[in-house]
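Predicted model, so just to flag it, every value in this text is computed and none were measured. Below, all heavy atoms of this structure are taken into account, side chains as well, without hydrogens, waters or symmetry copies. The residues of the chain are indexed from 1 along the displayed sequence.
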Amino acid sequence: MCQQQLVQLHKNLDKLKALDLDVDTYIISSDSPEEQEMLYNEIERVLGESLPIISDPDLNMIDHMGMKNGQVAHRGYGLLDENGNVVFQTKNDHWGEEIEQTLSEIKEEYQNMK
């Protein structure tokens with residue numbers, strides 16, 4: 001996941017929380033756990049908090065989400081239901097910069113799954 005998108009997400013966590021969705025939110029990345037820890041700590045230090053990061057170096061979860069792009073992951077976001085089924089996913093390199101559109105889609109898809 002691009003650091004710029006992560007910064008945008010974390011700067012807008014209040015907007016994500018304001019959606020008042022009953023979901024757990026994670027960042028999934030193919031980076032190693034050691035790289036993840038450094039990134040998590042830096043985000044928390046600079047922005048005050050960080051979402052949990054799931055390390056997926058073999059791209060298993062990323063593939064399950066339909067976000068695998070060869071040996072790397074597409075940037076984007078998605079939603080799983082309580083059984084781990086993909087409700088939706090969106091590939092978008094600029095989802096953090098387009099946070100209002102991103103949040104709108106997440107809210108709509110969440111409401112559609114109920």
Side-chain angles (χ1 to χ4, degrees):
M1 183 176 283
C2 175
Q3 287 184 5
Q4 179 180 358
Q5 301 304 315
L6 282 176
V7 169
Q8 288 292 328
L9 171 63
H10 284 85
K11 284 184 174 180
N12 289 287
L13 279 180
D14 58 330
K15 292 179 182 179
L16 180 62
K17 291 174 185 176
L19 294 178
D20 198 29
L21 307 178
D22 186 22
V23 298
D24 295 322
T25 306
Y26 301 94
I27 298 165
I28 303 171
S29 174
S30 60
D31 292 337
S32 72
E34 295 78 20
E35 292 168 314
Q36 300 281 342
E37 182 179 22
M38 288 186 333
L39 180 58
Y40 178 92
N41 291 338
E42 185 64 11
I43 291 170
E44 192 171 52
R45 184 186 71 76
V46 173
L47 299 173
E49 69 177 312
S50 181
L51 292 171
I53 304 174
I54 297 173
S55 180
D56 187 18
D58 296 325
L59 304 176
N60 295 321
M61 176 62 90
I62 292 166
D63 189 32
H64 175 72
M65 294 287 301
M67 301 293 280
K68 188 173 177 183
N69 183 19
Q71 298 302 313
V72 298
H74 286 286
R75 291 186 193 105
Y77 52 93
L79 181 65
L80 299 174
D81 67 16
E82 64 272 359
N83 297 315
N85 299 309
V86 178
V87 173
F88 87 101
Q89 54 85 348
T90 298
K91 298 173 184 102
N92 181 345
D93 286 341
H94 304 286
W95 62 266
E97 299 155 34
E98 301 166 354
I99 195 70
E100 297 300 330
Q101 177 183 335
T102 299
L103 295 173
S104 177
E105 182 178 18
I106 291 169
K107 183 176 182 177
E108 180 180 335
E109 293 291 345
Y110 177 80
Q111 290 173 339
N112 289 340
M113 93 178 198
K114 291 189 161 216

What is the distance from atom [atom1] of [X] to atom [atom2] of [Y], rounded to the nearest 0.5 Å?
| X | Y | atom1 | atom2 | value |
| --- | --- | --- | --- | --- |
| F88 | L80 | CZ | CG | 10.0 Å |
| I54 | M61 | CD1 | CE | 5.5 Å |
| L51 | I28 | CG | CD1 | 11.5 Å |
| I43 | H10 | CD1 | NE2 | 4.5 Å |
| L79 | E108 | CG | CD | 12.5 Å |
| E109 | T90 | CD | OG1 | 7.0 Å |

For S50 against Y40, the heavy-atom pair lying closest together: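 So the two residues come closest at OG-CD1, 3.3 Å.
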Can you name the closest pair of heavy atoms from I62 and S29 and give their distance?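 Closest heavy-atom pair between I62 and S29: CD1-C, 4.2 Å.
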Any link between [X] and [Y] through a network of hydrophobic side chains (Ile, Leu, Val, Met, Phe, Trp, Tyr) touching at under 4.5 Å?
| X | Y | answer |
| --- | --- | --- |
| V87 | L16 | yes |
| Y26 | L59 | yes |
| L19 | L9 | yes |
| V72 | M65 | no |
| L21 | M113 | yes |

Quick check: does any side chain N or O of E97 sit under 3.5 Å from a backbone N or O of H94, one acting as donor and the other as acceptor?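 Flag not set: sc E97 to bb H94 has no pair under 3.5 Å.
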Return yes when atom [atom1] of [X] has more than 12 non-hydrogen atoms of other residues, nucleotides or ligands closer than 6.0 Å, and no otherwise.
| X | atom1 | result |
| --- | --- | --- |
| N83 | CG | yes |
| E37 | CD | no |
| K107 | NZ | no |

pair E98-Q8: side-chain heavy atoms closer than 4.5 Å: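 E98 vs Q8: side chains apart.
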